[in-house]
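This structure is a prediction, so every number in the text was calculated from the model and none was measured.
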Number of protein chains: 2
Amino acid sequence: MSVSIKDVAARANVSPATVSRALAGGQVSAALRAKVEEAVKATGYRPNLSARRLRSQESQTIGLIVADISNPFFTAVARAVEDEAYKAGLRVILCNTDENPDKEALYLQLMEEERVTGVIFAPTRATVGKLAKRQFNFPMVLIDRAEPGSGQDAVVLDNAGAAALLVEHLRDRGYRRIEGLFGNASTTGVERRLGYEEAMRRFGLTPSARFIPPSIKAAEEEVAGWFRRGPAPEAVIASNGLLLMGVVRALRAAGKSMPDDLAVAGFDNESWTDLIGPGLTVIEQPVATMGRTAMQLLLERLEEPDAPLRKMVLGGRCLTRGSTTGRERP
Amino acid sequence: MSVSIKDVAARANVSPATVSRALAGGQVSAALRAKVEEAVKATGYRPNLSARRLRSQESQTIGLIVADISNPFFTAVARAVEDEAYKAGLRVILCNTDENPDKEALYLQLMEEERVTGVIFAPTRATVGKLAKRQFNFPMVLIDRAEPGSGQDAVVLDNAGAAALLVEHLRDRGYRRIEGLFGNASTTGVERRLGYEEAMRRFGLTPSARFIPPSIKAAEEEVAGWFRRGPAPEAVIASNGLLLMGVVRALRAAGKSMPDDLAVAGFDNESWTDLIGPGLTVIEQPVATMGRTAMQLLLERLEEPDAPLRKMVLGGRCLTRGSTTGRERP
DNA sequence: ATGGAAACTGAAAACGATTTCAGTTGGCCG
DNA sequence: CGGCCAACTGAAATCGTTTTCAGTTTCCAT
C-alpha cells in the first residue's frame, strides 16, 4: 500500500539499510546519498513512525493530562508545553479528565500502552495520593497540583502565599468580612484555603471558607444565595478563574456592583478580568513559565532518572484593580 | 525490558497467538481466557500500541491542526473533537500553526508519517488553495475555513450570512457609518467581509472594511487610531473574538463607552462578552456542533472513501446585547 | 462407530523501520 | 607489491503485535 523503505531502496538500487543510514545522516558516500534522496522524492516516501518506534523503543511522545483544556489556565499551560515539546522533537497527546478519577486512570493506562517518553499531569485530589503507590513505565511531572508524598517531580504555584497576598491586600483596603470560595477537586483549592485561613487569623480576622465544585455555576449559585438570604460578606476571594467568573455573573444577575456591594478578588489573570467593570484584582500565575518548566523538568528527568525529586514552587503576582478599591470605614 | 505478549504467553503456557485472541475477544475457550487474564494481571502486561499499529496498519489516531488552541473558538472546537474522537476509540494529536504556512506544511507531513487515520484542519488562506493539488494518505475535513476548490469535506459557518445579520441589526438600530474589521489570515475573514459589504450595499450604505492581522493588538491599534485621528465610525463589526477584544481594549484605553461613543458587534460568543459593560452583541457560532460534525464527517468518509464531497454550512445566531442598543437619530 | 463440521490452538509470516555484524572495496604505507 | 586500516555497503535479526494457515480436538448426527 504505502511506500516503504524497501521501495526507496529498490528504486535507488541500494539496500534498505543504506537508505536508513542516508536519511539518518550516517556514514554514506555522497553519491549514494544523492541517489537515495532522489529516490525518496520520486517515490514520495514518508518514514513510518510506528515502525521506527517499535524498533527503536522510543516513542518521542509525551502525554499531557489536564482537567479541561477549555479552562484558560490549562490552555495557556498546554500551549507552552506543546511549544517546548515540539521544539524538542516530541509529540504531545492531550487528554481531558474533567476532574474524573476514572478518566485519569484510563488515560494513565493509555500512556503506558503508548509507551510515552513521559507525562505531564494535573491530577485531582483523589488521584494524587495514589500516585506514589503505583509504578509507571515513564517519568511524570505534576503540574499545578501536587502533594508532599506523591513521589513525582512537580511545578506548582505558591498557593498559600498567593492566597495570603489577596487577604493582605483586602485587609489593607479596609475589608474585614472576607469570604473564601475554593475548588474542591484539586490540591490547589486546599492549599489556597489554608493560606487564606492562616492569613486571616494572623490579622485577627475570622476565616469563613466554602469548598465547592470548580465550576462557574457552583460559584454563581453560592453568591446568589448570599444576596437572596443575606448577609453578604464585604469581600470574596475566588480560588480560580471559573469561580471568579461565577462570582461576577452572580453580581450582575443580582444587579450588584463592585466593589461597593462586594469586593472581588481571585486567581488567574484571564484576558477579560481587566475589562469587567472596574477591573478585577487577581493573582497572576506564571502560566507559560509553569508549562515550560514542567517540560524542562521532564527532559532533565529523562537524562538523569535517578536525580533527587524536585518540586518547583513559583510565586504569583497580585494585580490590584478596581474591584477592591477600598472601603470607607464606618 | 518491558513485558511483552510472549511473557504473558509463557506464564499462561499458551502461544502468543492465543493471548492476542483472548484479549481481542476472539474464539478462545473460557478456561484459557481466564488463564491469560490471570497472567496479564500477574505480569502487568500492557499492549504495545506501536507494534499493534505497525502490524494492523491502522493508527487509530487523528490529527487536529488549528491556528492556536489558546483562541477560545478553537479551544471549544478542539474539546468537542476530542470528546468524539475518544468516544470512537481514536487518539488526537493536536498541532498549533499560529497561522504560519510553514508550520502547516510541517504538521501535514508529520501526519503522513504518523499514518493518521484522518485529519481535521483549519488552514490559512495561503494553504487552503494548495490542498487540492496535493494527495494525502489520509482523508481530511476542513473546519471553520474552506474554499470552493479545496477538494475536501468541510464544516463551516455561514459567514456571509452571519455578517449580514450583524449589519442588518445595526442598521435597524439606526447606525449608518458601520466599519468592518476582518482578519486577513483565514477565508472566514474574506467571506465575512463579502457578506458585510453585500449587506451594506443592499441597505444603501457605504461599506468600509479593513483587513488586519487576527490579533488583539492589531485591532486595538486600528481603533485607537480612529479616536486619535478621527473621525470614528458610529459602529464597528469585528470578525472574530480576538479583534473584538482588541476593540473593547481600545475603547477602554481611550475612555470611550459603548454604545454611545461606538457601537460594537462581533463574532464569537466568548464567556466574557456578556459581562463587558452593557454586554456585547455577537454572533454565536455553534462551536461544539462544528467539532462534532467534523468528526462525524471524517468517520463517514472513512467508511465510504468514494462518497461525494460534502460541505456542511451551519448558521450563526445573533445575540443582541447592550453594545448596540440603538442611536437617537439627529 | 464414523464422518464431518465446528471449535479451538499454535507455528510462522507478516508490518517497516534500525542496527549489528560481516563482508567488500579502496587507499596508503612500508 | 603486500598488508592493513578505514570507509562503505548489504544481509539478516530484531522490535511486539496480529493474522493466516494448518492442525488438533470435540461434538453431534447418522
Side-chain angles (χ1 to χ4, degrees), chain A residues 1-37 39-40 43-61 89 91 109-117 137-138, chain B residues 1-37 39-40 43-61 89 91 109-110 112-117 137:
Chain A
M1 190 75 264
S2 175
V3 28
S4 87
I5 202 169
K6 276 188 208 160
D7 304 314
V8 178
R11 164 133 192 149
N13 274 321
V14 297
S15 76
T18 300
V19 176
S20 176
R21 273 187 292 251
L23 296 179
Q27 305 221 78
V28 185
S29 69
L32 278 198
R33 168 160 293 140
K35 257 208 303 193
V36 167
E37 269 158 16
V40 165
T43 54
Y45 168 72
R46 294 267 180 280
N48 182 318
L49 291 182
S50 291
R52 175 176 296 170
R53 288 188 188 124
L54 174 58
R55 166 65 224 213
S56 61
Q57 299 288 69
E58 34 190 67
S59 66
Q60 306 284 62
T61 299
R91 263 152 291 293
Q109 176 168 336
L110 177 64
M111 293 303 124
E112 296 202 288
E113 300 183 354
E114 289 279 0
R115 301 293 191 274
V116 293
T117 308
N137 58 15
F138 48 74
Chain B
M1 192 75 263
S2 176
V3 27
S4 86
I5 202 170
K6 277 187 206 160
D7 304 313
V8 179
R11 166 135 189 145
N13 274 321
V14 299
S15 75
T18 301
V19 175
S20 175
R21 274 187 290 251
L23 296 180
Q27 306 222 75
V28 185
S29 69
L32 278 199
R33 170 161 292 143
K35 258 211 299 193
V36 167
E37 269 159 16
V40 165
T43 54
Y45 168 72
R46 294 267 180 281
N48 181 319
L49 291 183
S50 293
R52 173 176 297 171
R53 289 186 186 126
L54 174 59
R55 165 64 225 211
S56 61
Q57 298 288 70
E58 34 190 69
S59 65
Q60 304 285 66
T61 300
R91 266 152 290 293
Q109 177 169 336
L110 178 64
E112 295 203 288
E113 300 183 355
E114 291 278 1
R115 301 293 192 274
V116 292
T117 307
N137 59 15

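Nearest-nucleotide positions on DNA chain D for A/Ala30 and B/Ala24 put A/Ala30 closer to the 5' end. Nearest-nucleotide mapping onto DNA chain C: of B/Thr18 and B/Arg55, the residue sitting toward the 5' end is B/Thr18. Mapped onto DNA chain C by nearest heavy atom, A/Arg21 and A/Ile5 fall at different nucleotides, with A/Ile5 at the one closer to the 5' end.
Just one of A/Leu32, A/Val14, A/Val28 meets the side-chain contact (heavy atoms from CB on, under 4.5 Å) condition when paired with A/Arg21; it is A/Val28.
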Discussion item. Between A/Arg115 and A/Gln57, does the side-chain contact (heavy atoms from CB on, under 4.5 Å) criterion hold? Intermediate values first, please.
Written reply: CA-CA 8 Å; A/Arg115 301 293 191 274; A/Gln57 299 288 69; over 6 Å; no
Discussion item. With side-chain contact (heavy atoms from CB on, under 4.5 Å) as the criterion, how do A/Leu54 and B/Arg53 come out once you've worked through the C-alpha distance, each side chain's angles and the decisive distance to 0.1 Å?
Written reply: CA-CA 10 Å; A/Leu54 174 58; B/Arg53 289 186 186 126; over 6 Å; no
Fill in: Worked verdict on A/Arg91 versus B/Leu110 for side-chain contact (heavy atoms from CB on, under 4.5 Å)
CA-CA 10 Å; A/Arg91 263 152 291 293; B/Leu110 178 64; 3.0 Å; yes
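Rounded to an integer number of Å, the gap from CZ of B/Arg52 to P of D/dG16 is 14 Å. Rounded to a whole Å, the NZ atom of B/Lys6 is 13 Å from the C1' atom of C/dA11. What separates NZ of B/Lys35 from P of C/dC8 is a distance of 15 Å, to the nearest Å. Distance CZ (A/Arg46) to P (C/dA17): 12 Å, rounded to an integer number of Å. Rounded to whole angstrom, the span from the CD atom of B/Glu112 across to the C1' atom of C/dG16 amounts to 16 Å. Rounded to a whole Å, the CD atom of B/Glu58 is 16 Å from the P atom of D/dT17. The interatomic distance linking A/Leu54 (CG) with C/dA14 (P) rounds to 17 Å, in whole Å. Atom CZ of B/Arg53 and atom P of D/dT18 are 12 Å apart (whole Å).
Put simply, B/Ser56 has no side-chain N or O that comes within less than 4.0 Å of OP1 or OP2 on D/dT19. When the side-chain nitrogen and oxygen atoms of B/Ser29 are compared with OP1 and OP2 of C/dC8, none of them lie within a distance under 4.0 Å. Here B/Gln27 reaches the OP1 or OP2 of C/dC8: one of its side-chain N or O atoms lies under 4.0 Å away. Using a 4.0 Å cut-off, no side-chain N or O of B/Ser4 falls inside it from OP1 or OP2 of D/dG16. Proximity of B/Gln57 to the phosphate of D/dT17: no side-chain N or O atom is located under 4.0 Å from OP1 or OP2. For C/dA17, the OP1/OP2 oxygens have a side-chain nitrogen or oxygen of A/Tyr45 closer than 4.0 Å.
B/Arg33 comes within contact range of no nucleotide atom at all, as no heavy-atom separation falls under 4.0 Å.
The nucleotide whose nearest atom lies closest to any side-chain atom of A/Val14 is, among C/dT9, D/dG10, C/dA17, D/dG10. With D/dG16, D/dT19, D/dA11 as the choices, the nucleotide that has an atom nearest any side-chain atom of B/Ala17 turns out to be D/dT19. Here C/dT9 is the nucleotide among D/dG16, C/dT9, C/dA17 with the atom lying nearest to any side-chain atom of B/Leu32.
If you take CD on A/Glu113 and CZ on B/Arg52, they are separated by 6.5 Å, rounding to the nearest 0.5 Å.
A heavy-atom distance below 4.5 Å is found between the side chains of B/Tyr45 and B/Ile5.
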